[in-house]
Peer 1: 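Structure below; questions to follow.
No experiment lies behind these values; they were computed from the predicted model shown. We count ligands from 1, going down the list as the structure has it; atoms in each ligand are counted the same way.
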Amino acid sequence: MIYVSPSILSANLVNLQKDLALLSKAKADYIHIDCMDGHFVDNIAFGPSFVKQIKAISSLPLDVHLMLDEPLKYVDEFILSGSDILTIHQEVVSLNEFMSYHEKLKSHRVLVGLSLRPNTPLENIYPYLPYCDVVLVMSVMPGFSGQKFYESTYQRIEMLNQYRKENHLSYLLEVDGGVDETNMDELKNKGVDIFVSGSYLFKGDMKRKIERMKHV
Ligand code: DX5
Ligand code: ZN
């Protein structure tokens, strides 16, 4: 089963209601919301009040990606805002911090996500994996939509898929950045469960593209 999580960083933000309706009609599985603090990445986007407003007008589950230097400061707010998957970056949390994050999310029935930049060694995240529901593999440097996909992602996904099998873990593998029809088949073969896509999906026929993504 493949799930599609369109990133609304590429949506028309001054007419967002229209694009949200389009996502429901096109049978997206989630709405991917990128939150950026201008420190962890060189861009600024979307806070908890924005997430809350999306929650109020869409019935799709919210897949919230925190690209923040201090995500733990804001976790409560993002839970209260209605995040269904909440993802933070391994580069900024110790394993101990992640365990308490995990506990908090579990008690609110929010899925626990962990992400990593394309140049972060996979070994760094292995100790965290038993506590993850979702592992979000960045396939571009986080910060902006419309960047070129890193080919090294295939091998990283393959290794995380293998690690999942060998260790009897059940996290979903999500890929984010530069995903389009030139790479989605191979990504699926390597073990991806959730495709995030921004600039590709919001250009052209969204419904057809999502259908194609789900049936690669
Ligand atoms: C990048 C974000 C992505 C981005 C994806 O930092 O995490 O979610 O919006 O956009 P595309 O699919 O255009 O690379
Ligand atoms: Zn993202």
Peer 1: Has Lys214 got its NZ or CZ under 6.0 Å from the middle of the six-membered ring of Tyr3, at an angle within 45 degrees of the ring axis?
Peer 2: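 Here Lys214 fails the 6.0 Å and 45° test against Tyr3.
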Peer 1: Under 2.8 Å from the Zn ion (ligand 2), which protein atoms of type N, O or S occur, listed by chain and number?
Peer 2: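 Protein N/O/S atoms under 2.8 Å of the Zn ion (ligand 2): His32 NE2, Asp34 OD1, His65 ND1, Asp176 OD2.
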Peer 1: Protein N/O near ligand 1 N/O, under 3.5 Å, which pairs?
Peer 2:
from, atom 1, to, atom 2, distance (Å)
ligand 1, 6 (O), Gly143, N, 2.6
ligand 1, 7 (O), Asp34, OD1, 3.0
ligand 1, 7 (O), His65, ND1, 3.3
ligand 1, 7 (O), Asp176, OD2, 2.9
ligand 1, 8 (O), His32, NE2, 3.4
ligand 1, 8 (O), Asp34, OD1, 3.2
ligand 1, 8 (O), Asp34, OD2, 2.8
ligand 1, 8 (O), Asp176, OD1, 2.7
ligand 1, 8 (O), Asp176, OD2, 3.1
ligand 1, 9 (O), Ser7, OG, 2.8
ligand 1, 9 (O), Asp34, OD2, 3.1
ligand 1, 12 (O), Gly198, N, 2.7
ligand 1, 13 (O), Gly146, N, 2.8
ligand 1, 13 (O), Ser199, N, 2.9
ligand 1, 13 (O), Ser199, OG, 2.5
ligand 1, 14 (O), Gly178, N, 2.8

Peer 1: Given the rule that I, L, V, M, F, W and Y join up when any side-chain heavy atoms are under 4.5 Å apart, are Met138 and Leu111 in one cluster?
Peer 2: no
Peer 1: Quick one: do the Ser94 and Asn96 side chains pair a donor with an acceptor below 3.5 Å?
Peer 2: no
Peer 1: Kindly check if the number of other-residue, nucleotide or ligand heavy atoms within 6.0 Å of NZ (Lys106) is above 12?
Peer 2: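 Correct, the count exceeds 12.
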Peer 1: Does Tyr74 have its ring centroid less than 6.0 Å away from the ring centroid of Phe78?
Peer 2: no
Peer 1: Distance only, no hydrogens: is a donor on one side chain within 3.5 Å (strictly under) of an acceptor on the other, for Glu158 and Gln162?
Peer 2: no
Peer 1: So is Arg117 actually on top of Phe40's ring, under 6.0 Å and inside 45° of the axis?
Peer 2: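 Because its charged atom sits under 6.0 Å from the ring centre and within 45° of the axis, Arg117 does stack over Phe40.
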Peer 1: Check whether the ring centres of Tyr171 and Tyr131 lie less than 6.0 Å apart, and answer yes or no.
Peer 2: no
Peer 1: Hey, can you tell me if Phe98 and Tyr101 have their rings parallel, tilted or perpendicular (30° and 60° cut-offs)?
Peer 2: tilted
